[in-house]
Asks: 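The structure is given below, and queries will be raised subsequently.
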Amino acid sequence: MASETTTSKEYIQHHLQNWTYGQHPDGSWGFAHSAAEAREMGFWAIHVDTMLWSILLGVLFLWLFRKAAKTASAETPRPWQNFVEWIAEFIDTSVRGSFHGKDKLVAPLALTIFIWIFLMNLMDLVPVDWLPSLAGWVGSTVFGVDPHHVYFKVVSTTDPNATFGMAFAVFYLILHYSIANKGVGGFVGELTMMPFQSKNPVVQALFIPINFVLEFVSLISKPISLALRLFGNMYAGEMIFILIALMYSGGLALGIFGGFLQLGWAIFHILIITLQAFIFMTLTIVYLDMAQSEH
């Protein structure tokens, strides 16, 4: 919660800053104590909070689904087993409806993407001050660090590094399937010989650079759209929660009003959390299907 000694601007900036580890300009390695230090660390700096929560939630997903598989029973299925089977059937139906090839990777990939992104998005429902305040307290009491220099973002999908990382992994699979199914020549031909075609070889040669620009933009827009759509929606949702949290420092009446706003936005945000995970999964399936189909 925003304190009296912290301005609204500082409060927002603190909550939007990642816990960053990297190399300082003097050559030493360590954590950044400000946004300026984080920028100075450059491209190879690591957002520790993003890595921590994405890995923890990935492990949680694997553990929960493995537990359901190990304790599965056809005679007396437990509620958790029923829920997991319902999710798996839902994902399988989505894959069958959008992916027309035969590949054993697509369905598990879709399941992993949906549940993993959903869990990362779900962290947005944790009150914005709880975990960062706990991290600040630990940093102050255990490590003797100024709590104002302790940054701890818990929603990994509000970090473009995470969303672009997942999107580029999907993009690699798109390229892999395109080349594997069409060959290098077919893939290059798809980029250069369409959409404009001509029987005249001279005219066709003039069309090649135009086709390449159009098709390359279409190709590269796939990972960019995946990453930015997820990041933009979750970042906006987190920002609204932060702005509502600022109302708690404005007095009792404003704090009560902020509480109702937070509850209402959290209920509505559940739809966004689920929808963004579903959209990322569905587009991944569609893009992989397009990579295997002939145009």
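Everything numeric here is computed off the predicted structure, so don't read it as measured data.
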Asks: For Asp289 and Ile285, what are the C-alpha separation, side-chain angles and deciding distance, and is it a side-chain contact (heavy atoms from CB on, under 4.5 Å)?
Replies: CA-CA 6 Å; Asp289 180 66; Ile285 298 171; 5.5 Å; no
Asks: Kindly assign one of parallel, tilted or perpendicular to the pair Trp86 and Phe90, based on the angle between their ring planes and the thresholds 30° and 60°.
Replies: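 Trp86 vs Phe90 ring planes: parallel.
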Asks: Should we say atom CH2 of Trp130 is surrounded by more than 12 heavy atoms from elsewhere, each under 6.0 Å from it?
Replies: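 Open.
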Asks: Between Asp26 and His24, do the side chains contain an N or O donor and an N or O acceptor separated by less than 3.5 Å?
Replies: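 Per modelled atom types, Asp26 and His24 side chains form no pair under 3.5 Å.
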Asks: State yes or no: are the ring centers of Phe61 and Phe65 separated by less than 6.0 Å?
Replies: yes
Asks: If we ignore angles and hydrogens, is there a donor and acceptor under 3.5 Å between the side chains of Tyr177 and Asp103?
Replies: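 There is such a pair (donor and acceptor under 3.5 Å, judged by atom type) between the side chains of Tyr177 and Asp103.
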Asks: Do His269 and Phe241 have their ring centres less than 6.0 Å from each other?
Replies: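 For His269 and Phe241, the ring centres are under 6.0 Å apart.
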Asks: Could you name each residue pair satisfying salt bridge (charged side-chain N to carboxylate O under 4.0 Å, His left out) that touches residues 88-98, not counting sequence neighbours?
Replies: Asp92-Arg96
Asks: Parallel, tilted or perpendicular: which describes the rings of His176 and Tyr172, with under 30° parallel and over 60° perpendicular?
Replies: parallel
Asks: Hey, is the main chain of Leu271 close enough, under 3.5 Å, to the side chain of Thr274 for a donor-acceptor pair?
Replies: no
Asks: Without placing hydrogens or testing angles, list every side-chain donor-acceptor pair under 3.5 Å for residues 201-219, not counting sequence neighbours.
Replies:
residue : atom : partner : partner atom : Å
Gln204  : OE1  : Ser198  : N            : 2.7
Asn211  : OD1  : Phe196  : N            : 3.1
Asn211  : ND2  : Thr192  : O            : 3.0
Asn211  : ND2  : Phe196  : O            : 2.9
Asn211  : ND2  : Phe207  : O            : 3.4

Asks: Using 30° and 60° as the class boundaries, would you call the ring planes of Phe31 and Trp19 parallel, tilted or perpendicular?
Replies: parallel
Asks: Going through the checks in order, is the side-chain contact (heavy atoms from CB on, under 4.5 Å) test met by Asp129 and Tyr248?
Replies: CA-CA 11 Å; Asp129 288 307; Tyr248 295 134; 5.6 Å; no
Asks: Closest heavy-atom contact between Ser156 and Thr50?
Replies: OG-O, 3.3 Å
Asks: Test side-chain contact (heavy atoms from CB on, under 4.5 Å) on Thr163 and Leu226 and set out the steps.
Replies: CA-CA 8 Å; Thr163 60; Leu226 282 174; over 6 Å; no
Asks: Passes side-chain contact (heavy atoms from CB on, under 4.5 Å), Val84 versus Gln81? Steps please.
Replies: CA-CA 5 Å; Val84 169; Gln81 177 187 338; 5.9 Å; no
Asks: Which atom pairs, donor and acceptor, lie under 3.5 Å between side-chain atoms of residues 110-119 and protein residues at least two apart or in another chain?
Replies:
residue : atom : partner : partner atom : Å
Thr112  : OG1  : Pro108  : O            : 2.9
Trp116  : NE1  : Ser54   : O            : 2.9

Asks: When you group the ILVMFWY residues by side-chain heavy-atom contacts below 4.5 Å and let the links chain together, are Leu261 and Leu252 in the same group?
Replies: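 No; tracing contacts between hydrophobic side chains, which count when under 4.5 Å, never links both residues.
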Asks: CZ of Arg78 to OG of Ser73: how many Å apart, nearest 0.5 Å?
Replies: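 Answer for the CZ-OG pair, Arg78 versus Ser73, is 8.5 Å.
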Asks: If I take atom CD from residue Gln262 and atom CZ from residue Phe260, how far apart are they, to the nearest 0.5 angstrom?
Replies: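 Reported to 0.5 Å precision, the distance equals 12.0 Å.
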